Amino acid sequence: MTKKVSIPIRAKSAPKAPKKSYDCAKCPGYCCSYQLIEINKRDIARLARHFELEYSVAEERFTKYDASQKARVLRHRKDTVFKTICMFFDQKERRCTVYESRPGVCRDYPLAKRCGYYDFLEFERDQQDDPDYIALT
Ligand code: SF4
Ligand code: SF4
C-alpha cells in the first residue's frame, strides 16, 4: 500500500535571526568614536579597492600604528559630538561613508542582539524625555 502524503510538503523554515534591539540610524555613532578601531590587511585591501588606491597609499592615508596596542588602527578626526571619531564617519548624517567596505571589526560589532551604547542612549533619552538627546559617556 502506498503511503499517503499530504501536498504540499513545506520545507522547515530557517530559524529567524535574533531581532536587533538597537537602531544605528538613531545613534550618534558611539562605536565609531572608539579610539582604537583595529584594522587588518584584508580590511586595508578592501578600503584600497573601494577608493581605487594602492594598498600602501590606503594604509598610510586611513590607518596609523598604535604602539601601545601594537596594532594598526583607523585614523580619527575631530568630531562635533565626541572628541574624535573615525575619519570615515559622516558627521552631519552620523553614519559610515564606507559601509559596504567597512572593516571586519565594524561588521561584527556589537556581537550581540543588544548594543550597550544604545541601551545607555535609550535610558538617557527616557530620563530626559527627549528622543534626540545625545548622552555622552
Ligand atoms: S554604538 Fe551601537 S547603536 Fe550606535 S552605531 Fe554603534 S552599533 Fe549602532
Ligand atoms: S569604518 Fe565606518 S563603521 Fe567603521 S568605525 Fe569608521 S565610520 Fe564606523
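Treat the numbers as computed from the prediction; the structure is a model and nothing was measured. In each ligand, atom 1 is the first atom listed, and ligand 1 is the first ligand listed.
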Colleague: How about Phe82 and Tyr30: are their ring centres within less than 6.0 Å of each other?
Modeller: yes
Colleague: Does Cys27 put an N, O or S atom under 2.8 Å from atom 4 (Fe) of ligand 1?
Modeller: yes
Colleague: Counting heavy atoms only, which part of Cys115 comes closer than 4.0 Å to ligand 1: side chain, backbone, both or neither?
Modeller: side chain
Colleague: Tell me the protein heavy atom at minimum distance from atom 6 (Fe) of ligand 2, and give that distance in Å.
Modeller: Cys86 SG, 2.4 Å
Colleague: Side chain of Thr97, backbone of Asp90: donor and acceptor closer than 3.5 Å?
Modeller: no
Colleague: Among all protein heavy atoms in this structure, tell me which lies nearest to atom 5 (S) of ligand 2, with the distance rounded to 0.1 Å.
Modeller: Ile37 CD1, 3.5 Å
Colleague: Would you sort out whether Val73 and Gln35 count as a side chain to side chain contact (heavy atoms under 4.5 Å, CB included), showing the intermediate values?
Modeller: CA-CA 8 Å; Val73 298; Gln35 280 300 311; over 6 Å; no
Colleague: Report, in ascending order of atom number, the atoms of ligand 2 lying under 4.0 Å from any heavy atom of Cys106.
Modeller: 1 (S), 3 (S), 4 (Fe), 5 (S)
Colleague: Ala48 and Tyr55: which non-hydrogen atoms are nearest, and at how many Å?
Modeller: CB-CA, 4.1 Å
Colleague: Give the minimum heavy-atom separation between Pro103 and Arg46, together with the two atoms involved.
Modeller: CA-NH1, 3.8 Å
Colleague: With atoms numbered from 1 as shown, which atoms in ligand 1 lie under 4.0 angstrom from a non-hydrogen atom of Tyr118?
Modeller: 3 (S)
Colleague: In the protein, which heavy atom is nearest to atom 8 (Fe) of ligand 2, and how far is it?
Modeller: Cys32 SG, 2.4 Å
Colleague: Return yes when atom OH of Tyr133 has more than 12 non-hydrogen atoms of other residues, nucleotides or ligands closer than 6.0 Å, and no otherwise.
Modeller: yes
Colleague: Quick test: of every protein heavy atom, which one is nearest to atom 1 (S) of ligand 2, and how far off is it to 0.1 Å?
Modeller: Pro103 CD, 3.6 Å
Colleague: Run the ring pair (Phe, Tyr, Trp, His ring centres under 6.0 Å) test on Phe51 and Phe62 for me, step by step, so that the C-alpha distance in whole Å, both residues' side-chain angles and the decisive distance to 0.1 Å come before the verdict.
Modeller: CA-CA 11 Å; Phe51 290 101; Phe62 307 142; 5.1 Å; yes
Colleague: Can you tell me which residue and heavy atom of the protein come closest to atom 2 (Fe) of ligand 2, and the distance to 0.1 Å?
Modeller: Cys96 SG, 2.4 Å
Colleague: Which residues satisfy the ring pair (Phe, Tyr, Trp, His ring centres under 6.0 Å) test with Phe89, sequence neighbours excluded?
Modeller: none
Colleague: Taking 4.0 angstrom as the limit and counting only heavy atoms of Cys31, give me the atoms of ligand 1 inside it, by number and element.
Modeller: 1 (S), 5 (S), 6 (Fe), 7 (S)
Colleague: Within ligand 1, which atoms have a heavy atom of Tyr109 less than 4.0 Å away?
Modeller: 7 (S)
